[in-house]
Amino acid sequence: MSTLRQSPAWQGLQTLASEQASIADREQTSPAAAIPICAEVGGLHLDASGQQLSQPVFDALLQLVRERKVADWTQRMLQGEAINQSEQRPVLHAALRAQTHDRHCDSGAISQALAARQRMRRLIDQACRGALTGTPVRHVINIGIGGSDNGPRLACTALRTALLPDMDVRFAANLDPADLHSALQGVDPAATLFIAVSKSFRTEETLANARRARDWLQQQFPSEDSATLVARHFIAVTGNSEVASSFGIPAERVLPLWDWVGGRFSLWSPAGLALAFAIGMDGFEQLLAGARAMDQHFQSAPIEKNLPLLLAMVDIWNVNFRHADSHAVIPYSHDLRSLPLWLQQLEMESNGKSMDRDGALVDYATSPIVWGSAGTDSQHSYHQLLHQGTALTPVDFILPLADGKGMAADRALIANALAQATALSHPDSPTRRGRQPWSMLLIQQLDAHNLGMLLALYEHKVFAEGVIWNLNSFDQPGVEAGKRLAQQIARGVQSGGVQPGGVQPGAGKNAEAATDAALAALVKRALS
Ligand code: F6P
């Protein structure tokens, strides 16, 4: 049995869970002695009372956080220890939003981040003056995928009220050419800037879209050569400046993405350049300031008032002791409609793992499936299941009380969010008898500062869960394996070396080759 499952806090939680399950079965209701769980920091207020935790469960969860030494791991992360062991890298996204005098955080990383932000500011200024493309830039197209797309895309949508009127920022991520094609509709080519964002500069989707963008420029300016066009209309954000430069992007237009920043944690880095174009560099700094405020709260608030830790604690209870295998996130805000997508990558790419950091198979559940969409649309889709389905599905309701300009949220929207939460937990409602757990996160105003706090809150929650589950939350070996396999299959299909019918077991050098060949044959048959 793993050390985690043998730990006193885990054993205690196990006993409490069995006791509660039998009471619930007997009485067909949840235990009555649920405690209020509320905490706030800055413009965020968490009410997790809908989780219906009893005091002994809450105490055992506090003990678990202490036993698993989450605070020590946080210090190790901030000080630059290589806690991403498999890739032997430090994990320093918090340094991207730190200030020089923040002594808890790696000072070298802080200086690099500050220098990069000065370059971002200069480049934006040059672009707006027409010094990059010859015409003031009006359209920015972010070409990237995963962490090189989700964060800035989410923030541009969420900060609708802060968007600069003269700047039109768009995104293209998918390998399907239709994505870039749509992003290019109606833009003025002379005033268009592409930002190719890729930490590796090897990602198939991003390279394909960058080449398509280059071809499109060539069609728009047939008398100019493609090298001139790339040098004029492209910026790169990458950790692989050689490949960016071999694509033709001049060094002064290549911004860094360091190996100490994971893609899904990179919004705060130059990977957020498209967002900085959209809301201005000062707005971008406000986002960072919000995230920094959450970093400070995470490090200093006591566990029982610490928002990321409280969210992690209730998740652990629901996943490991109440056996919830999915988790819905429902923002009652059209502007936050992309949040579930961003969270999917953050949570599932970080903690969707069955191997612990020591390479052993885990004997407990890890990341649930994260899903969701904006309320009230969601009410007319899957809320029936939340209310009366057989699965235990914890819900995070996220409710901004005002938009970025301070305009109060629609009263009916607020009423609907509160009604849904009440119905989920009320013992007299026609639901699963009040046994569907939920948390409510109120945001005073959806501005850049509070958005920064919200996103950093979830980053730290995911980190804390990873520590408790003894996972390396910062690699993604499964995704990398899929990328390699796709390349091998593509090569197999291109060379035509694979016969329909696939290969017999053992025909290839190893199982991987056999799988590659069989899959390639399948694709080839489908194409023929
Ligand atoms: O989705 C897998 C992934 O490796 C993510 O971790 C990353 O955010 C994304 O691909 C893009 O990678 P890159 O920034 O190197 O293009």
Side-chain angles (χ1 to χ4, degrees), residues 83-93 96 116 141-155 171-176 179-180 183 194-214 234-247 249 254-275 338-353 355 367 369-370 455 458-459 462-463 466 471-488 490:
I83 62 165
N84 175 357
Q85 286 159 317
S86 63
E87 299 178 330
Q88 299 192 328
R89 291 172 181 170
V91 175
L92 284 167
H93 48 275
L96 296 168
I141 300 181
N142 190 89
I143 295 179
I145 196 162
S148 298
D149 167 270
N150 290 342
R153 190 194 286 259
L154 153 68
F171 294 84
N174 202 290
L175 192 54
D176 185 339
D179 198 3
L180 181 67
F194 294 98
I195 310 178
V197 188
S198 175
K199 186 169 156 188
S200 59
F201 227 86
R202 293 196 191 288
T203 302
E204 185 181 14
E205 293 88 338
T206 303
L207 293 184
N209 280 326
R211 283 188 217 104
R212 288 170 188 147
R214 181 183 60 193
F234 266 87
I235 288 182
V237 180
T238 185
N240 190 351
S241 49
E242 295 88 57
V243 185
S245 102
S246 65
F247 185 74
I249 304 174
V254 178
L255 290 166
L257 235 185
W258 309 271
D259 64 4
W260 41 265
V261 182
R264 51 193 175 273
F265 300 91
S266 66
L267 167 65
W268 329 97
S269 77
L273 184 63
L275 171 67
S338 308
L339 181 69
L341 193 73
W342 179 82
L343 275 172
Q344 282 180 328
Q345 188 197 12
L346 179 70
E347 300 216 12
M348 297 199 278
E349 200 166 84
S350 298
N351 289 339
K353 292 170 183 164
M355 213 62 109
S367 176
I369 295 163
V370 177
L455 303 186
Y458 275 102
E459 284 183 351
V462 165
F463 166 72
L471 302 175
N472 175 2
S473 302
F474 302 103
D475 61 2
Q476 54 287 323
V479 182
E480 307 303 343
K483 287 183 190 174
R484 282 196 300 277
L485 193 53
Q487 282 166 3
Q488 287 163 9

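Indexing begins at 1, ligand by ligand and atom by atom, following the structure's order. Keep in mind that what you see is a predicted model, and the values were worked out from it rather than measured. Scope of the values below: all heavy atoms of this structure, side chains included, with no hydrogens, waters or symmetry mates.
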Could you say whether the N/O atoms of Gly147 and ligand 1 ever approach to under 3.5 Å?
yes

Check whether any N or O atom of Gln345, backbone or side chain, sits under 3.5 Å from an N or O atom of ligand 1, and answer yes or no.
yes

Minimum heavy-atom separation for Glu459 and Trp268, please, with both atom names.
OE2-NE1, 2.8 Å

Which heavy atom of the protein is the closest neighbour of [atom], given with residue, atom name and distance?
atom                    : value
atom 1 (O) of ligand 1  : Glu349 OE2, 3.1 Å
atom 9 (C) of ligand 1  : Ile145 O, 3.6 Å
atom 4 (O) of ligand 1  : Lys483 NZ, 2.8 Å
atom 12 (O) of ligand 1 : Thr203 OG1, 3.5 Å
atom 15 (O) of ligand 1 : Ser200 OG, 2.7 Å

[X] neighbourhood, listing ligand 1 atoms whose heavy-atom distance to it stays under 4.0 Å:
X      : result
Val479 : 1 (O), 2 (C)
Ser148 : 14 (O)
Ser198 : 13 (P), 14 (O), 15 (O), 16 (O)

Contact between [X] and [Y] at the side-chain level, heavy atoms closer than 4.5 Å - yes or no?
X      : Y      : result
Phe265 : Leu96  : no
Val254 : Thr238 : yes
Phe194 : Arg214 : no

Under 3.5 Å, side chain of Asn240 to main-chain N/O of Ser200, donor-acceptor pair present?
yes

Can any side-chain N or O of Asn209 pair as donor or acceptor with the backbone N or O of Asn174 at less than 3.5 Å?
yes

Side chains of residues 145-153: which donor-acceptor pairs under 3.5 Å do they make with residues two or more places apart or in other chains?
| unit_1 | atom_1 | unit_2 | atom_2 | d |
| --- | --- | --- | --- | --- |
| Asp149 | OD1 | Arg153 | NE | 3.0 |
| Asp149 | OD2 | Arg153 | NE | 3.3 |
| Asp149 | OD2 | Arg153 | NH2 | 3.0 |
| Asn150 | ND2 | Gln345 | OE1 | 3.1 |

Do any heavy atoms of Arg202 fall under 4.0 Å from ligand 1?
no

With the threshold set at under 4.0 angstrom, would you say Glu480 reaches ligand 1 through any of its heavy atoms?
yes

Show, in sequence, the C-alpha distance, side-chain angles and deciding distance for Asn142 and Leu273, and conclude whether the side chain to side chain contact (heavy atoms under 4.5 Å, CB included) test is met.
CA-CA 9 Å; Asn142 190 89; Leu273 184 63; over 6 Å; no

